[in-house]
Amino acid sequence: MESYDPHSLEAEAQQFWADSCAFEVDEDPARDSYYCLCMFPYPSGKLHIGHVRNYTIGDVISRFKRMCGLNVLQPMGWDAFGMPAENAAIQNNVPPAAWTYQNIDYMRGQLKRLGFGYDWKRELATCKPEYYRWEQWLFTRLMEKGIAYKKTAPVNWCPVDQTVLANEQVIEGRCWRCDTEVERREIAQWFLKITDYADELLAELDHVDWPEQVKTMQRNWIGRSEGLEVEFEVPGHDSLLIYTTRPDTLYGATFMAIAAEHPLALEAAEKNPEIAKFVDACRKTNTSEAALEKMEKLGCPLGIDAINPVNNESIPIWIANFVLMGYGTGAIMSVPAHDQRDWEFARKYGIEIRQVVEPADGSAIDLDAGSFVTKDGRSCNSGDLDGLEFDAAFNRISDQIEALGKGSRQVNYRLRDWGVSRQRYWGAPIPVIHCEACGMLPVPEADLPVVLPEDVEFEGIGSPIKKMDSFIQTTCPRCGGAAERETDTFDTFMESSWYQERFACADQHQAMLDERADYWTPVDLYIGGIEHAILHLLYARFYHKLMRDEGLIKSDEPFQRLLTQGMVLKDGSKMSKSKGNTIDPQELIDRYGADTVRLFIMFASPPEQTLDWSDAGAEGAYRFLKRFWTAVREHIDAGLERAEIDADALDEAQKAMRLKLHETIRKVSDDFSRRLTFNTAIAANMELLNSLARFDDRSPTGAAIRQEVFDNMVLMLAPIIPHVCHRLWRDLGHDSVLIDHPWPEFDAQALVQDRIELVIQVNGKLRGKIEVDADADRERCEAAALANEQAQRFIGDNPVKKVIVVPGKLVNIVV
RNA sequence: GCCGGGAUGGCGGAACUGGUAGACGCGGCGGAUUCAAAAUCCGCUGGUGGCAACACCUUGGGGGUUCGAGUCCCCCUCCCGGUACCA
């Protein structure tokens, strides 16, 4: 008998798909399309096991949808710009472009070896000018619309390396390369006004078929709030503008806090060395929110007071290290009695804590123990707000402030505008020219793309184009005089925000998108890691709306349905190169073949669940494939005569075998289409094979049932283990092409049962099982249960209080 | 800190709508086959007690709702992801 040889049969199947261009698809208005997209990889070197999981899920669903008759598009490309290429360049003296293209070639080979059904003619890499030129083009349009604008924002600065650091490059407040304490620096950067779209981004979450947890995270991230903007006068200086969602607590404001970079702070620092020292110390911190929230909260009195507009009281202004200039107005009002952070700050510095909200029942609170944070109380110590509940107090004080001309009601968002400038080399150049005379100008469309020079040498750690005259020197598109190019590049989230549309028309070189984008998109199913739940998925939604408003596409949202794959962890933590715990699947592919790797990763857990990786069970997947192969081969080699199956003439064992088969088809179909739980679909097929191993009927009817089981198993498993199924389908005597064969349907008649099992419980505990006619009514089930010997034993002399019958399932006797 | 998840045998997981906890697989133990081993096949395998029939216990911890809770509610612990310049 021919033994299972995955490597040769996988090569053969892959050759067949390649020769027949099996996965190249075109727009066909007569057919329903299905666009299944997996988040494209960053070409870091080799595939890791998280990629294998992600892409196997996508391939399984794509192949399944194709068998359901849909016109399926499954493309693949490369998110090719990013920091690791620069780090590799610095370490190994290889240009980032060369390193990246080399990685792409290797990883493409790995993807092909795994048998994923991609339409490779649509392949794209975001580092190619033909791709990023359109991003540059859209950006110039956004500059003209005022959606792209420039302002200063904080970055992490290493004073020794003289370079900007990513948050990831700051380790416990220090530079990852030279261990120097990192400073915060304000520099001018480009932003996209995502806040203009905040309401739409919020509202349309209701129209997409996404996991509720992801929608919740995005809602919280956008963080819409209604509050009051209030102006506090500062005698002798510009007034302070603050925003609060708790204007009902204005009477409890006992200090103001401003950022170290605030003009008032800088002004005071010039005169007062104490303040200057504090302001300087405030800069020695990471810009990340987590770091800011967790660091010790420190303050320094400014020696200047602000006037609270509600009662004209003078309250001190403090510089606080937890207030950032870039976010909001760089100033906040502090109400220690009703905000925990303010409470801790006030206790530390001996600032007054004044209660202005009391519990609705009038009971006392202990402000020595902590702040009292609630919207379910009543105002007190607040002038004419006293006794009012939150909404009434909010409205009365807001009316008063507005009447005084000291502020107005405002809707605010936690969401901040998207900073897209990076002071790095390996990214798409920002298409802007600086002219002394004419200012900042977008690069004219005819001059696009602004091509990033790829043949560069890294001297030190900064971006090489920042000192490359041939790149920088240009002429002003308006006055024709000498001018300089912007040397910052785009955030790599820009490229990954629109590739889903570009895949629909990747060969279009006259425009960013064409009408094919409207045929394929929105993406029917987008699959990728849960770690992208906020940033990438929010930016992509925003970018889609920008393209829509530019007339490039009709739909409102890019991804109709979202499947968030759980992280693949190793020893309980996220895999990363820096931790050295990435898992290379190549060894498993070499040893067992692609089908085993695909089967094993899909069997290990359901897609959305976090998976702590261990390859200990791979042998089991390989064993199943061998058993399956051997069972089919034995059936074929036996060559027994097969009869037509006559459902009415089957014996008990034959009926039971067909019942098991059709139950399995029903379950697996549901797992594939609704639940997306491939682990249970595989388990059901394993059970089916186990049942078949015990079915040793050699009669013509038995052989026909065995053939029916194998045909259907091959069809059900084809999306997961396509290579071996491709081969077995042919060997089972079929001329058709398996990938285009319709998905099997279960035979309802085979599922009909005469007798079913009922569970008997006494007081909710399992005490026995009985068999009854499938159509037995409540009374008969109850009577049969009460008559059961086991049940009797546990009922004993106790009176039966109640009997609960769940039809078809159980009888619970309550005593 | 804040936001979102998670916790079930030695391990990965199953239990889909509140109804038999532990499907399926790994590992382990025993057996068949073999000169022997690998491979393969068959059986057993949550814990405690018991010769056994069987009983009791058990889904991170504590409380609650219910005839019945892994599943729903409240509180807590630990772990994971995100936290705007990792992608």
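Predicted model only: the values in this text are computed from it and were never measured. All chains are named by letter (A, B, ...) in the order of the sequence lines, taking the proteins before the strands, and each is independently numbered beginning at 1.
Of the candidates B:rG13, B:rG82, B:rG19, B:rG82 carries the atom nearest the A:Glu531 side chain, counting heavy atoms from C-beta on. Nearest nucleotide to the A:Arg674 side chain, out of B:rC24, B:rA55, B:rC16: B:rC16. Checking B:rG13, B:rG4, B:rG1 against every side-chain atom of A:Leu611, the shortest atom distance belongs to B:rG13. Residue A:Met686 places its side chain closer to B:rG25 than to any other of B:rG19, B:rG25, B:rU40. With B:rG13, B:rG4, B:rA87 as the choices, the nucleotide that has an atom nearest any side-chain atom of A:Pro84 turns out to be B:rA87. Considering only side-chain atoms of A:Arg414, the nucleotide from B:rU20, B:rA84, B:rA15 that sits closest is B:rA84. You'll find that the side chain of A:Met567 is closest to B:rG81, out of B:rA55, B:rG81, B:rA87. For A:Gln213, counting side-chain heavy atoms from C-beta on, the closest listed nucleotide (B:rC3, B:rU20, B:rG5) is B:rG5.
Dashed line: the shortest gap from a side-chain N or O of A:Arg416 to OP1 or OP2 of B:rU83 is not under 4.0 Å. The side chain of A:Arg219 places no N or O atom within less than 4.0 Å of a non-bridging phosphate oxygen (OP1 or OP2) of B:rC3. OP1 or OP2 of B:rA84 lies within a sub-4.0 Å distance of a side-chain N or O belonging to A:Asn167. For the pair A:Arg675 and B:rA15, the criterion of a side-chain N or O lying under 4.0 Å from OP1 or OP2 is met. For A:Arg623 and B:rC26, the shortest distance from a side-chain N or O to OP1 or OP2 is below 4.0 Å. OP1 or OP2 of B:rA55 lies within a sub-4.0 Å distance of a side-chain N or O belonging to A:Arg793. The phosphate of B:rG25 has OP1 or OP2 within less than 4.0 Å of a side-chain N or O from A:Asn690. The side chain of A:Thr492 places an N or O atom within less than 4.0 Å of a non-bridging phosphate oxygen (OP1 or OP2) of B:rA87. Between A:Lys809 and B:rA15 there is no side-chain N or O to OP1 or OP2 distance below 4.0 Å.
Residue contacts shown for A:Val214 are absent, as no nucleic acid heavy atom lies under 4.0 Å away. Within 4.0 Å of A:Phe624, counting heavy atoms only, lies no atom of the nucleic acid at all. Residue-level contact check: A:Arg341 touches neither bases nor backbone, having no heavy atom under 4.0 Å from any strand. When heavy atoms are screened at a 4.0 angstrom cut-off, A:Trp221 is found touching base atoms of the nucleic acid. When heavy atoms are screened at a 4.0 angstrom cut-off, A:Asp79 is found touching the sugar-phosphate backbone but no base atom. Heavy atoms of A:Glu212 sit nowhere under 4.0 angstrom from any nucleic acid atom. The residue A:His532 sits close to a base: some heavy atom pair falls under 4.0 Å. The residue A:Phe603 sits close to a base: some heavy atom pair falls under 4.0 Å. Among the protein residues, A:Ala290 comes within range of the nucleic acid bases, having at least one heavy atom under 4.0 Å from a base atom. Residue contacts for A:Pro41: at a heavy-atom cut-off of 4.0 Å it reaches no nucleic acid atom on any strand shown.
Between the CD atom of A:Glu619 and the P atom of B:rC11 there is a distance of 21 Å, given to the nearest Å. Straight-line distance from the OH atom of A:Tyr539 to the C1' atom of B:rG82: 12 Å, rounded to whole Å. In this entry the distance linking CG of A:Asp615 with C1' of B:rG27 reads 14 Å, nearest Å.
The nucleotide B:rC56 finds its pairing partner in B:rG47, both defining distances of the Watson-Crick or G-U wobble pair being shorter than 3.5 Å. Under the Watson-Crick or G-U wobble criterion, with both distances below 3.5 Å, B:rG4 is paired with B:rC80. For B:rG10, the paired base is B:rC26 (Watson-Crick or G-U wobble, both distances below 3.5 Å). Using the Watson-Crick or G-U wobble rule with both distances under 3.5 Å, B:rA36 pairs with nothing in any strand shown. Look at B:rC41: its Watson-Crick or wobble partner, with both distances under 3.5 angstrom, is B:rG31. Summarising the base pairing, B:rA21 is matched to no nucleotide, lacking a Watson-Crick or G-U wobble pair whose two defining distances lie under 3.5 Å.
Between B:rC56 and B:rA21, the two P atoms lie 12 Å apart (nearest whole Å). When the P atom is compared between B:rC74 and B:rG12, the two are found 28 Å apart, to the nearest whole Å. One P atom belongs to B:rU66, the other to B:rU77, and the distance between them is 28 Å to the nearest Å. Nucleotides B:rC3 and B:rG9 have their C1' atoms positioned 34 Å apart, rounded to a whole Å. Here, B:rG5 and B:rC11 have their P atoms 26 Å apart, quoted to the whole Å. One C1' atom belongs to B:rC26, the other to B:rG13, and the distance between them is 10 Å to the nearest Å. Between B:rC41 and B:rC51, the two C1' atoms lie 32 Å apart (nearest whole Å). Taking atom C1' on both nucleotides, B:rU59 is separated from B:rA53 by 28 Å, rounded to a whole Å.
Judged purely by atom type and a 3.5 angstrom limit, A:Asn812 has no side-chain atom pairing as donor or acceptor with the backbone of A:Ile804.
Salt-bridge annotation for A:Asp491 and A:Arg422: present, with a side-chain N of the basic residue lying under 4.0 Å from a carboxylate O of the acidic one. Under 4.0 Å is where a charged nitrogen must lie from a carboxylate oxygen, and between A:Arg219 and A:Glu212 at least one such pair does.
Judged by distance alone, with hydrogens and angles left aside, A:Gln609 brings no side-chain donor or acceptor close enough to the base of B:rG13 to form a pair under 3.5 Å. Judged by distance alone with a 3.5 Å cut-off, a donor-acceptor contact links the side chain of A:Lys769 to the base of B:rU20.
B:rG6 adopts an anti glycosidic conformation, its chi angle falling more than 90° from 0.
Proximity of A:Thr245 to A:Asn412: side-chain heavy atoms (C-beta onward) are nowhere separated by under 4.5 Å. Between A:Ser605 and A:Arg53 the shortest side-chain heavy-atom distance falls below 4.5 Å.
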Can you pull every protein N or O that's under 3.5 Å from an N or O on nucleotides 67-76 of chain B?
| from | atom 1 | to | atom 2 | distance (Å) |
| --- | --- | --- | --- | --- |
| B:rC67 | O2 | A:Asn812 | ND2 | 2.5 |

Step by step, would you call A:Glu289 with A:Arg416 a salt bridge (Lys or Arg N to Asp or Glu O under 4.0 Å)?
CA-CA 13 Å; A:Glu289 188 197 330; A:Arg416 305 195 299 258; 5.5 Å; no
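Considering A:Val52, A:Val597, A:Val60, A:Asn679 as possible partners of A:Met602, the one that fulfils the side chain to side chain contact (heavy atoms under 4.5 Å, CB included) test is A:Val60. Evaluated for a side-chain hydrogen bond (donor to acceptor under 3.5 Å, both in side chains) with A:Lys667, the options A:Thr664, A:Asp670, A:Asp671 yield exactly one hit, A:Asp671.
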